[in-house]
Protein chains: 2
Amino acid sequence: MPDAADPAPMNARRKFRREGEERRRQDLIDATLDSVAEHGLRGATVRTIALRAGVTAGLIRHYFPGKEDLLQEAYAALMGRMTEQAKAALVMDDASPRQRLAAFVTANLNAPIIDQRVFSLWATFLGRAGADPTLARAHREGYLGFRNEVEAVVAEVLAAERRKPDAAELRRHAIAINAIIDGLWIEGCLAGEMFSQGELAAIGIKAVEAELGLGPLE
Amino acid sequence: MPDAADPAPMNARRKFRREGEERRRQDLIDATLDSVAEHGLRGATVRTIALRAGVTAGLIRHYFPGKEDLLQEAYAALMGRMTEQAKAALVMDDASPRQRLAAFVTANLNAPIIDQRVFSLWATFLGRAGADPTLARAHREGYLGFRNEVEAVVAEVLAAERRKPDAAELRRHAIAINAIIDGLWIEGCLAGEMFSQGELAAIGIKAVEAELGLGPLE
DNA sequence: CGGCTATTTATACACTTGCACAACAACGCC
DNA sequence: GGCGTTGTTGTGCAAGTGTATAAATAGCCG
């Protein structure tokens with residue numbers, strides 16, 4: 001019995017679909033972030049990225065001038081999503097300033113912001129900030145944006161307590177609170193199983209309230 | 001006038017010196033850390049590293065089974081130096097517990113611990129911790145060691161204030177204080193010029209004392 | 001001073017990388 | 001339905017990668 005039906009021509013070209021430009025670019029950026037998170041910048045080759053995006057390597061150069069540009073855009077996308085998520089926890093209006101601050105801390109110290117994959121990306125890219133001024137500036141802008149949000153909430157909280165902090169004191173509080181959240185965020189991402197559910201958030205809230213000199217809620 | 005003396009044979013082999021084994025290994029590890037800090041894991045190739053160490057690439061395989069082992073040892077060396085430096089700030093015995101705690105915070109938020117190069121290395125390697133359990137465990141051990149030191153000092157400080165915290169409270173304080181130091185350390189490394197001399201340390205000390213509920217020194 | 005040995009150099013190799021380019025085929029338009 | 005546009009594929013290439021291995025020489029011991 002000869003080989004059954006094998007009608008596929010030996011040189012069959014791969015089938016493909018044309019996607020919208022925006023969609024393809026997003027897919028490539030997502031595939032890039034996945035590759036970096038999994039294998040680091042080393043393993044994020046055009047072929048790996050293309051495979052993950054379900055296309056062939058050559059296509060990347062149709063959408064990006066070079067691989068470096070793709071990485072650049074991927075980092076920008078990552079930063080955008082991170083700050084967006086973080087700020088989203090602040091939009092609840094129908095709450096007291098103090099409640100909003102606590103909710104902010106809680107949101108930043110639980111999933112999905114506590115996430116090992118995001119941390120890997122954050123660390124991998126920031127490791128290049130010392131040598132790449134573009135990355136350094138991007139971080140600084142994101143950091144200052146975040147800190148200003150913190151400062152605004154702190155001002156509201158203290159105002160509600162009828163305290164009148166000056167600008168320097170406000171700045172100090174914002175820097176310290178930002179550090180508390182960052183430090184706990186890192187530990188949660190790196191060793192989340194060392195902490196019980198909600199423990200990091202509880203520690204964070206207590207630390208923040210101590211920093212602001214807030215007594216227990218009456 | 002014919003070419004002056006050019007006695008060097010065209011195929012002159014490179015001159016070299018034989019170094020002690022320990023010395024060579026250290027040089028290679030240092031060269032590796034330098035390469036990673038400057039060009040990231042991507043740019044840390046055997047040839048780059050060897051060039052920096054003043055040898056040729058083949059020699060690396062004479063001292064390490066493979067490049068991956070060299071990177072592993074380099075990371076171990078980095079961690080060792082970091083924790084050693086951090087703990088060194090705790091050895092001053094002739095001081096009150098509270099002064100020792102303040103000195104500890106100050107030391108961790110100034111040069112040489114605040115250092116962009118070390119941060120780059122820290123971030124670059126930790127970016128791989130999500131995928132490399134070895135790195136993850138190494139970090140966890142270093143972190144716990146550091147945190148235990150903090151917890152011990154905190155216990156002394158509170159004892160001197162005649163307070164009797166239970167184990168859970170002590171643990172909470174240590175986690176929070178560790179986060180404060182880490183968060184401020186990161187900002188100092190990444191954007192040191194945003195803070196005036198000694199500002200981070202001052203913020204850190206105030207935040208830590210607030211966390212512990214310490215009043216002003218009388 | 002001459003030989004031994006292990007450190008070091010140099011070369012080779014198989015493989016991967018980013019990028020260039022030509023062929024191809026999916027989809028919109030008539 | 002045919003046809004042109006262009007998104008997409010596949011192949012090729014030069015440079016760079018880690019590793020293997022042979023050749024050379026520095027330094028010690030007699």
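The model shown is predicted, which means the values in this text are computed figures rather than measured ones. Chain A is the first sequence line, chain B the second, and so forth, proteins listed ahead of strands; every chain is numbered from 1.
- The base of C:dT9 sits with one of its N or O atoms less than 3.5 Å from a complementary donor or acceptor on the side chain of B:Arg13.
- Remark: A:Arg61 is in phosphate contact with C:dA20, judged by side-chain N or O atoms under 4.0 Å from OP1 or OP2.
- Dashed line: the shortest gap from a side-chain N or O of A:Tyr63 to OP1 or OP2 of D:dT8 is under 4.0 Å.
- Distance from the side chain of A:Thr56 is smallest to D:dG10 among D:dT17, C:dC19, D:dG10.
- The B:Thr45 side chain lies nearest to D:dT17 when the options are C:dG18, D:dG7, D:dT17.
- Among the nucleotides D:dT25, D:dT6, C:dT17, the one closest to any side-chain atom of B:Phe16 is D:dT25.
- Map A:Val55 and B:Gly43 each onto its nearest nucleotide of DNA chain D; the residue landing nearer the 5' end is A:Val55.
- Remark: A:His62 is in phosphate contact with D:dG7, judged by side-chain N or O atoms under 4.0 Å from OP1 or OP2.
- Among the nucleotides C:dG18, C:dT8, D:dT8, the one closest to any side-chain atom of B:Arg42 is C:dG18.
- Residues A:Asp30 and A:Arg81 are paired through a salt bridge, judged by an N-O separation under 4.0 Å between the basic side chain and the carboxylate.
- The separation between B:Arg14 atom CZ and C:dA10 atom P is 7 Å, rounded to whole Å.
- Contact check for A:Leu126 versus A:Trp122: side-chain heavy atoms found under the 4.5 Å cut-off.
- Taking 4.0 Å as the cut-off between side-chain N and carboxylate O, A:Arg172 and B:Glu199 do not count as a salt-bridged pair.
- Residue contacts shown for B:Glu21 are absent, as no nucleic acid heavy atom lies under 4.0 Å away.
- Judged by atom type and distance alone, B:Arg47 reaches the base of D:dG18 through a side-chain donor-acceptor pair under 3.5 Å.
- Relative ring orientation between B:Phe195 and A:Tyr143 is described as perpendicular, the plane-to-plane angle rising above 60° on a 0-90° scale split at 30° and 60°.
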